[in-house]
Amino acid sequence: MIEKYFYMDRQTAQDLLDKVKYSEAEKRGIDRHAFLFGDYAVLSTCRLKLRNVVTRDDDLAYLDEIIYTLYKLHERGVAVVPILGYCYDPDSRDGNGYIFQQRAKGEELYDDAIMTKFHVWAQNKPEGVYLSTPLSYDEAANYLLVRTHTISQAPQEHFNQFIYDMLQILNEDILIDFNGASNFFYDSAGFQFIDLDTHNDYKYGLTPVKPDIKEITARCGFSPCHYAEGTDAFSHIALSEQAIRLLESEQLRNLKMDNQIIFEKCKTALKYNGLPDDMINTSLKRLKIFGC
């Protein structure tokens, strides 16, 4: 096992790995399981040598660069979760190993496992759902309503910071995964970004065109919102009409009202951070916001 620790000591890492052996993952994705211990998160992965899913990074030079960059962003007050170190089996093809991180504060913006009860992709292809929840529909609906209301009550300053941080991260050529709400956390201090361990295609030379970070932000800055079925961008994580119609009329009304509040706060935050109206309006032509 090759080990490399940047902002933690080896003994702490080994103690965490010992705990992993006797624990069950609390969260999981396609190729990762998350084990949570106090202030730390340990992510098991089978693709440590892959950046941006398919681009190889066998010597992990790109990953090391991201780790240093994330820590610098963290020291500047950008709400990223730093990577503290990693270890892996050098003989495994794509890198079987573990990533050590600080534990994000608060809870997922929305828990992706619970949201599969409502998202279009999970309704259209139930055999492809890799996340699941033991909650019933009514329990999941209550979570959706309560969590959406909680986010709607977040102060405008938190949304302003969210957009500012997004611009800072993207400016470093770090890829933010906007395809899952679990890639963002929220608590009383504001939003946090997690799962930041790959670059965009430009960084790897896969495209000669550097992405316009303001254009990306104008479209993805509405991530705290729920999208409606029929949206062009992010169509797979839109709220399915089939699933949402099971809500009671008052529940549906409250959900739409809270989502409208979130939408307006996101839009205000984009303008606050200098994104022009025409760019925001162009993005909204590709987005269908639920309840708006």
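All values below were derived from every heavy atom in this structure, side-chain atoms included, with hydrogens, water molecules and symmetry-related copies excluded.
Annotation for Asp18: atom CG counts as buried by contact number, over 12 foreign heavy atoms lying within 6.0 Å. When the shell of 6.0 Å around CD of Glu24 is examined, it contains 12 or fewer heavy atoms from other residues, nucleotides or ligands. Surrounding CZ of Arg56 are more than 12 heavy atoms belonging to other residues, nucleotides or ligands, all under 6.0 Å away. More than 12 non-hydrogen atoms from other residues, nucleotides or ligands lie less than 6.0 angstrom from OH of Tyr143.
Every residue two or more places apart in sequence or in another chain was checked for a side-chain hydrogen bond (donor to acceptor under 3.5 Å, both in side chains) with Asp212, and none qualifies. Taking Tyr5 as the reference, Glu3 meet the side-chain hydrogen bond (donor to acceptor under 3.5 Å, both in side chains) condition, with sequence neighbours excluded. Tyr202 meets the ring-ring contact (aromatic ring centres under 6.0 Å, His included) test with no other residue; sequence neighbours excluded. Judged as a side-chain hydrogen bond (donor to acceptor under 3.5 Å, both in side chains), and not counting sequence neighbours, Gln192 has no contacts. Qualifying side-chain hydrogen bond (donor to acceptor under 3.5 Å, both in side chains) partners for His149, counting only residues two or more places apart in sequence or in other chains: Asp258.
Between the side chain of Gln168 and the backbone N or O of Val78 there is no donor-acceptor pair closer than 3.5 Å. Without hydrogens or angle criteria, Glu229 side chain to Glu241 main chain gives a donor-acceptor distance under 3.5 Å. Using a distance-only test at 3.5 Å, with no hydrogens or angles considered, a donor-acceptor pair links the side chain of Asn259 to the main chain of Phe290. In this structure, Gln123 contributes its side chain and Leu239 its backbone to no donor-acceptor pair below 3.5 Å. In this structure, Thr198 contributes its side chain and Asn52 its backbone to a donor-acceptor pair below 3.5 Å. Formation of a donor-acceptor pair under 3.5 Å by the Asp187 side chain with backbone atoms of Glu107 is not found in this model. Checked by atom type and distance alone, the side chain of Asp112 pairs as donor or acceptor with a backbone atom of Ala181 at under 3.5 Å.
In this structure the side chain of Phe6 reaches within 4.5 angstrom of the side chain of Tyr68, judged on heavy atoms. Val80 has its side chain out of reach of Asp165: every pair of non-hydrogen atoms, C-beta onward, lies at least 4.5 Å apart. Counting heavy atoms from C-beta on, the side chains of Leu144 and Ile244 come closer than 4.5 Å. Using a 4.5 Å cut-off on side-chain heavy atoms (C-beta onward), Tyr86 and Asp64 make contact. With contacts defined as side-chain heavy-atom distances shorter than 4.5 Å, the pair Glu108/Tyr186 does not qualify. The shortest side-chain heavy-atom distance between His226 and Thr148 falls under the 4.5 Å cut-off. The closest side-chain heavy-atom distance from Tyr227 to Leu287 is below 4.5 Å. Looking at heavy atoms from C-beta onward, Gln102 lies in side-chain contact with His74 at the 4.5 angstrom threshold.
Between Tyr88 and the options Ile2, Asp94, Thr45, Ile99, a side chain to side chain contact (heavy atoms under 4.5 Å, CB included) holds for only Ile2. For the ring-ring contact (aromatic ring centres under 6.0 Å, His included) with Phe184, the lone residue among Tyr110, Phe193, Phe191 that qualifies is Phe193.
Heavy-atom minimum distance, Pro224 versus Leu109: CA-CD2, 3.8 Å. Between Ile280 and Leu275 the shortest heavy-atom distance is CD1-O, 3.7 Å.
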Pairs under 3.5 angstrom only: tabulate donor-acceptor contacts from the side chains of residues 262-274 to other protein residues two or more places apart or in another chain.
{"residue": "Lys265", "atom": "NZ", "partner": "Ser152", "partner atom": "O", "Å": "2.7"}
{"residue": "Lys265", "atom": "NZ", "partner": "Ala154", "partner atom": "O", "Å": "2.7"}
{"residue": "Thr268", "atom": "OG1", "partner": "Glu264", "partner atom": "O", "Å": "2.9"}
{"residue": "Asn273", "atom": "ND2", "partner": "Asn160", "partner atom": "O", "Å": "3.1"}
{"residue": "Asn273", "atom": "ND2", "partner": "Ala269", "partner atom": "O", "Å": "2.9"}

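In this structure, Ile261 is not a member of the same hydrophobic cluster as Phe162, with clusters built from ILVMFWY side-chain heavy atoms closer than 4.5 Å. Residues Ile83 and Phe100 are members of one and the same hydrophobic cluster, defined by side-chain heavy-atom contacts under 4.5 angstrom among Ile, Leu, Val, Met, Phe, Trp and Tyr. Under the 4.5 Å side-chain heavy-atom criterion for ILVMFWY residues, a single connected hydrophobic cluster contains both Phe159 and Leu167.
Donor-acceptor pairing under 3.5 Å is recorded for the side chains of Asn183 and Asp177. Counted by atom type alone, Asp197 and Tyr62 present zero donor-acceptor pairs between their side chains at under 3.5 Å. Tyr164 and Thr217 form no side-chain donor-acceptor contact under 3.5 Å, judged by distance and modelled atom types alone. No side-chain N or O of Thr12 forms a donor-acceptor pair with one of Asp15 less than 3.5 Å apart.
To the nearest 0.5 Å, the span separating CG on Leu16 from CD on Gln11 amounts to 10.0 Å.
You'll find the ring centres of Phe222 and Phe234 outside the 6.0 Å limit. Ring centroids of Tyr71 and Tyr7 are separated by less than 6.0 Å, placing the two rings close together. Aromatic pair Tyr98/Phe35: ring centres not closer than 6.0 Å.
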